[in-house]
Amino acid sequence: MASKIAVIGTGYVGLTTGACLASMGHDVVCVDVDVDKVARLNSGEIPILEDGLDRLVLEGRRSGRLSFVVGAAAAVPGREFVYLCVPTPQGDDGSADLSYIESAAREIGPHLDREAIVINKSTVPVGSTRVVERALQRGDVAVVSNPEFLREGSAVHDFLHPDRVVIGAADQAAAIRMAGLYIGLTAPIMVTDPASAETIKYASNAFLATKISFVNAVAAVCEAVGADVNDVVLGMGYDKRIGQEFLRPGPGWGGSCFPKDTIALIRIAEDAGYDFRLLKGVKDVNDEQFERVTRKVIDAVGGDISGRRIAAWGITFKARTDDTRMSPAIEIIKRLQTAGGEVMAYDPAIRAEIEGISVAEDAISACQDAEVLVILTEWDEFKWVDMEAVAEAMATRRIVDARNLLDRSSVRQLGFDYQGIGRS
Ligand code: UDX
Ligand code: UDX
C-alpha cells in the first residue's frame, strides 16, 4: 500500500532512501536546506555519483511519486512517515553531533499530523530517539529508529536488497506501521527496542572496521614471515564462521561512516563506563596502516622522498563513489607531501585539484617522470591501464600497490619493482 513520506536531508542516505521508497510505490517528498541542491535535483541532476540512482530519481519524478523542496515545515503536513537523514558529524569530543537532528525535529514538530511517525535514519548514538521526542514536543507522534546499512557505490542495491531491516521502537503499533513500508523487500524485518537498534548500527560498522584492521595486521605479519595474505584470507574465509567478505587488505579504512562511527562508539561506551580497548586498537591499527603505506613509498625511492615525483592512482575513499570524506588515499598523499614528495594524482571521479592535491587528466599522464607509482583506490579501470605506456612515462619503474589490484607477475615482466600489501 502506498504511503505518504517525507525525507529530510538529501545526501547519500536521504536521496537513496527517498528514490528507493518512491520506486517501491510510495509518494515521497525530499527536503533539503541546500537551495541549489534542490534546484539541481528538480532539474534531474544528481549531485552524487551513485550507481542507478539517476535512473530511479528520473523515474520517480516522471511518475510524480518523487519531488524535491526546500523547507521541512512546509513539506511534512499530510505525511504519515518522516525520515530524518541529516548529518550527524563527529563532535570535538568524538561523540556524534546531534544539532542538525534536533534542529530538524524542532522545525517539523509543530507541523506534523497526529499519529505521524518520525524515523531516525541517520546514525545516532544510543538514546537519540528520546532526544528527538524531546525536540518534537509532540505526545501524539511516535519516534522510531531505522538505521541504514547501505554502502556508497552500491547504495541503491543495498537499500532494495538489504540483508535485514532493523526497526527500533517503544511503540509496537508504530513499529508494525513502519514494517509495512518495507513489505516489498525480501529481507528479514527485525523489530527491537530503540537502544538495541541504535547499537546494532554502531556495532555493525565497528565490527566491519575490525575485520579490515585485523586483515591489515595479518598482512603485516605475512610481510614479516614471507606468507601471501591473499592465500591466507582465502584459507581463513572458507570457514563459514569467518567468511571472505570485508577481508581485503589495503591502505586502511575511511569514508563518512567508519571513522566517525568507531570513535562515536568508543565515546558511547566510555560515557556508559566501559573502556572499549578492542575498538581503540582497531583504530590504532588503521592509523598505523596509513603510516605503513607511506613508509613503503618512501622506502621504495631509497628513504628520502623530498623533491621526488610520485604518481598516485586513487583519491576517493573507495571505488565507485566520488566521496572523498576521510579518504585513506588523501591521508597518505598528504603524508607524502609533508615528507617533501611532489604528488600527481589521478582518479576517475575527481576532475579538479582537491585539498592541495594536483590532479592529472588520466592515469598515464599522472605517471609522467614519476619515480614511484602508488595505487590507493581499487578502481577497476586501473587494472586495464597500458602498463607498457606507464613504464615509458615513469622515470623509474616502481609500484606500491596498496590495494593488491594489479597482476604482479605481468608488471614484473615489464621490469617494474612491485610491492603489494601482505605479499612479496
Ligand atoms: C548522513 C549522515 O551524515 C550520517 O551520519 C548518517 O549516518 C546518514 O546520513 P550522508 O547522507 O552521507 O549521511 O550526509 P550528507 O551527504 O552530508 O547529506 C546530508 C544532507 O542533509 C545534505 O544535503 C544537507 O544539505 C542536508 N541538511 C543538513 C538538511 O537538509 N538540513 C539540515 O539541517 C542539515
Ligand atoms: C560503510 C558500511 O559498509 C555500510 O554498511 C554503512 O551503512 C556505512 O558505512 P561505506 O562507508 O560506503 O559503508 O564503505 P565500505 O564499503 O564499508 O568501505 C569502508 C572502508 O573500508 C573503505 O575505505 C574501503 O576501501 C575499506 N575496505 C572495505 C577495505 O579496506 N577492505 C575491505 O575488505 C572492505
Side-chain angles (χ1 to χ4, degrees), residues 7-18 30-38 40-41 47-48 50 68-72 75 83-90 96-108 120-125 128 147-155 158-159 162-164 200-202 204-209 211-216 219 233 237 243-262 264 286 289-290 314 316-321 323-331 376-379 402-404 421:
V7 175
I8 318 290
T10 58
Y12 286 86
V13 173
L15 186 55
T16 304
T17 300
C30 285
V31 184
D32 204 285
V33 288
D34 184 333
V35 178
D36 173 53
K37 182 180 264 188
V38 169
R40 288 164 68 189
L41 286 163
I48 55 174
E50 202 47 68
F68 301 96
V69 299
V70 175
Y83 282 83
L84 299 179
C85 300
V86 294
T88 51
Q90 186 180 316
D97 169 2
L98 295 180
S99 57
Y100 294 114
I101 289 268
E102 285 182 282
S103 66
R106 271 196 299 276
E107 184 186 349
I108 62 175
N120 257 339
K121 195 121 193 79
S122 289
T123 306
V124 288
S128 300
E148 52 74 21
F149 302 99
L150 51 88
R151 291 162 296 167
E152 292 183 28
S154 57
D158 292 352
F159 190 98
D163 293 326
R164 78 296 208 191
I200 289 170
K201 173 61 189 181
Y202 280 107
S204 301
N205 273 359
F207 186 74
L208 292 169
K211 282 188 88 171
I212 301 164
S213 282
F214 185 83
V215 77
N216 284 336
V233 167
Q244 304 279 358
E245 297 249 4
F246 266 62
L247 286 176
R248 287 192 320 278
W253 40 261
S256 64
C257 294
F258 281 8
K260 80 172 170 66
D261 293 349
T262 47
N286 201 52
Q289 193 65 2
F290 300 149
T316 56
F317 83 98
K318 65 174 190 176
R320 304 177 60 224
T321 179
D323 199 344
T324 57
R325 291 179 283 184
M326 303 298 282
S327 168
I330 292 182
E331 175 65 36
L376 294 165
T377 307
E378 73 284 18
W379 288 96
R403 294 283 185 172
N404 290 345
I421 298 283

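Numbering of ligands and ligand atoms starts at 1, following listing order. Any value given below was found using the heavy atoms of this structure, including those in side chains, with hydrogens, waters and symmetry copies removed.
Annotation for G11 and K37: closest pair CA-NZ, 4.1 Å, computed over non-hydrogen atoms.
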Set out, in order, the CA-CA distance, both residues' side-chain angles and the distance that settles side-chain contact (heavy atoms from CB on, under 4.5 Å) for I212 and F246, then state yes or no. CA-CA 6 Å; I212 301 164; F246 266 62; 3.7 Å; yes
From CA spacing to verdict: side-chain contact (heavy atoms from CB on, under 4.5 Å), L15, F68: CA-CA 10 Å; L15 186 55; F68 301 96; 3.6 Å; yes
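Contact annotation for R403 and ligand 2: only side-chain heavy atoms (C-beta onward) come within less than 4.0 Å of the ligand. Residue L247 touches ligand 2 through its backbone alone, judged by heavy-atom distances below 4.0 Å.
Among the atoms of F149, some N or O lies under 3.5 angstrom from an N or O of ligand 2. By the 3.5 Å distance cut-off applied to N or O atoms, G254 is counted among the residues near ligand 2. Residue K318 places at least one N or O, backbone or side chain, under 3.5 Å from an N or O of ligand 2. For ligand 2, the polar-atom distance check against F317 finds a nitrogen or oxygen pair separated by under 3.5 Å.
Listed by chain and residue number, N205 satisfy the side-chain hydrogen bond (donor to acceptor under 3.5 Å, both in side chains) test with D261 (two or more places apart in sequence, or in another chain).
Other residues, nucleotides and ligands contribute at most 12 non-hydrogen atoms within 6.0 Å of the CZ atom of F214. Under a cut-off of 6.0 angstrom, the local environment of CG in D163 is sparse, with at most 12 non-hydrogen atoms contributed by other residues, nucleotides or ligands.
Between C85 and Y12 the shortest side-chain heavy-atom distance does not fall below 4.5 Å. Side-chain contact check for P328 versus Q289: every heavy-atom pair is 4.5 Å or farther apart.
The closest side-chain donor-acceptor pair between E148 and T16, if any, does not fall under 3.5 angstrom.
Protein residues with any heavy atom under 4.0 Å from ligand 1: G9, T10, G11, Y12, V13, D32, V33, D34, K37, C85, V86, P87, T88, Y100, S122, T123, E148, K260, R325.
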